[in-house]
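So the structure is just underneath, and the comments pick up after that.
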2 protein chains.
Amino acid sequence: MSRRKAQQDDKEREGDRPPSLAMAAYRQLYRDITNGTLAPGRKLPVGELHATYGIGFSPMRDALNRLCAEGLVEKREQRGFFVADLNEDVFLQITNARLVLEETALRLSIAAGDVAWGESVILAFYHLSRAARDETSFVLTPEWSAAHREFHFALLAGCGNEWLLGFCRKLYEQSERYRARRRLLSTGLSPGTRSHLQVHEAIMKAALAHDADTASDLLVRHYKESFEIVMNADFELLDNPRRLVPRAASEPEGRRDAV
Amino acid sequence: MSRRKAQQDDKEREGDRPPSLAMAAYRQLYRDITNGTLAPGRKLPVGELHATYGIGFSPMRDALNRLCAEGLVEKREQRGFFVADLNEDVFLQITNARLVLEETALRLSIAAGDVAWGESVILAFYHLSRAARDETSFVLTPEWSAAHREFHFALLAGCGNEWLLGFCRKLYEQSERYRARRRLLSTGLSPGTRSHLQVHEAIMKAALAHDADTASDLLVRHYKESFEIVMNADFELLDNPRRLVPRAASEPEGRRDAV
DNA sequence: CCTGGTATAAAAATATAAATTTTTGCCGGA
DNA sequence: TCCGGCAAAAATTTATATTTTTATACCAGG
């Protein structure tokens, strides 16, 4: 009875409740994978996860299967689940895909976005500025990450294409895994600082002014810089400069692996 | 012993075996959803599927979860699985996203594709031509569908970006669901006929000649035509002509729901 | 004595069956 | 007609059983 009562109480805060253990497991794993607690390539034995998170086999399996189809987890038939591996080639592909999709979404947002869209961008920027740190620290707080995500997707949300947005989300969360590895390192630039914030302000202003060219130019540049930073931090600094696809995605010549 | 022997034999034809029931269920459901046997919006009670397909609860759940993350199935928390619904707005979004992504992938393919890529395109076209029917029939064979898919992805595969390709695949299979509804109808045009084949031949020739502009122009036109056909067949013919995003994805003005 | 392959045992994944909640449809009373 | 509770159905979860993989040990051949 007391059990039942508790459930009822839970129900009262509708909306963000995770009633199913499967969902709880999913969120836990999602967090631990995207923030790097569960290292890339690591095996995920259901039994071990069961012991660690205190959740049964079936719900855990549910969660793993979902993560799997989202690309955060890999499933090897009859031999279990693994955290999806990371390497610089994949990161390059993800970044390139992201450049194309986000620029498209941004341009469509600027062209089609309504008043509510503009307001949500302004609000998101406000949240981001509140979460920004004073200059020199290298630790990225969860709050800043959430605000950063909110801002970028507020920008894109006006495009009105759920599929496009869904793809952008997937690419974003993949990128986060790479960024997460950077948290412990202290390399050159400084995401989350007030100076970094100004880049976002510039993007916002261009977007709200319906200047699609400037806005997407700034956005693409922003991502390319992030890419370089993460690349230099996570992997050894390579001698050949990384090539990213040009904005229009129509280059005369190109290497096969350039994308 | 004989048991073990059989296993060993199985192992020899590696690669396409579906050892797990979950995978078998997944494939069955995938087929039945994409070809329309399981109608959009329909509920998928695990118990009923269990009875129909003769596969247990857990594997079925596994399969449903995967389909779910792929967008073919929707999961309503604590109240079961449903075949993802179809409607014209979503179809418009899918088509628009597809236009952008496939054009990008095609241009990258043409820019970066190597000899092996060109050969696989030629081979795929050969298969498509073999599967083409004589003019007037309206029935689409599974063979033609497979060949059609093979051709289009042979074109895109040269881009070398697995993520981009993965998104294209997802959009393609979604589109197939709409096309599937058309099989029983007999509307104007005629996919799978020899005249329809010529469109693909033109695309191939342009691609192999490294004429990216012509190739993507033809491809986009091809998809827009398909869109109109399916739209007119499946839903009532609307008075306002559908607006699709222009190729460059940068239109001066636009409705919010236009994409 | 070392190497290579095979059988065996432990571990882990997959599948089944049963139990527990949660939802849903229905009926009676206000 | 509307509300509340009861019962059936269905989803979720646990517990159990069955395969499959993986690691270890053993034995024949070099």
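Below, read A as the first sequence line, B as the second, and so on, with proteins coming before strands; counting in each chain starts at 1.
Checked against side-chain contact (heavy atoms from CB on, under 4.5 Å), A:Tyr53 has the following partners two or more places apart in sequence or in another chain: A:Gln28, A:Leu29, A:Asp32, A:Leu38, A:Leu49, A:Met60. Listed by chain and number, the residues in a salt bridge (charged side-chain N to carboxylate O under 4.0 Å, His left out) with B:Arg42 are B:Glu48 (sequence neighbours excluded). Every residue two or more places apart in sequence or in another chain that forms a side-chain contact (heavy atoms from CB on, under 4.5 Å) with A:Tyr30 is listed here: A:Tyr26, A:Thr34, A:Leu67, A:Glu70, A:Leu72, A:Arg149, A:Glu173. Applying the side-chain contact (heavy atoms from CB on, under 4.5 Å) test to A:Ser175 and every residue at least two apart in sequence or in another chain returns A:Phe91, A:Ile94, A:Arg98. For B:Lys75, the salt bridge (charged side-chain N to carboxylate O under 4.0 Å, His left out) partners two or more places apart in sequence, or in a different chain, are A:Asp62. Checked against side-chain contact (heavy atoms from CB on, under 4.5 Å), A:Glu119 has the following partners two or more places apart in sequence or in another chain: A:Val115. Residues satisfying the side chain to side chain donor-acceptor pair (under 3.5 Å) test with A:Glu143, not counting sequence neighbours, are none.
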Set out, line by line, the N/O atom pairs under 3.5 Å between protein and nucleotides 15-19 of chain C.
| unit_1 | atom_1 | unit_2 | atom_2 | d |
| --- | --- | --- | --- | --- |
| C:dA15 | OP1 | B:Leu21 | N | 2.2 |
| C:dT16 | OP2 | B:Gly56 | N | 3.1 |
| C:dT16 | O4 | B:Ser58 | OG | 3.3 |

Polar pairs (N or O, both sides) under 3.5 Å between protein and nucleotides 6-10 of chain D?
none

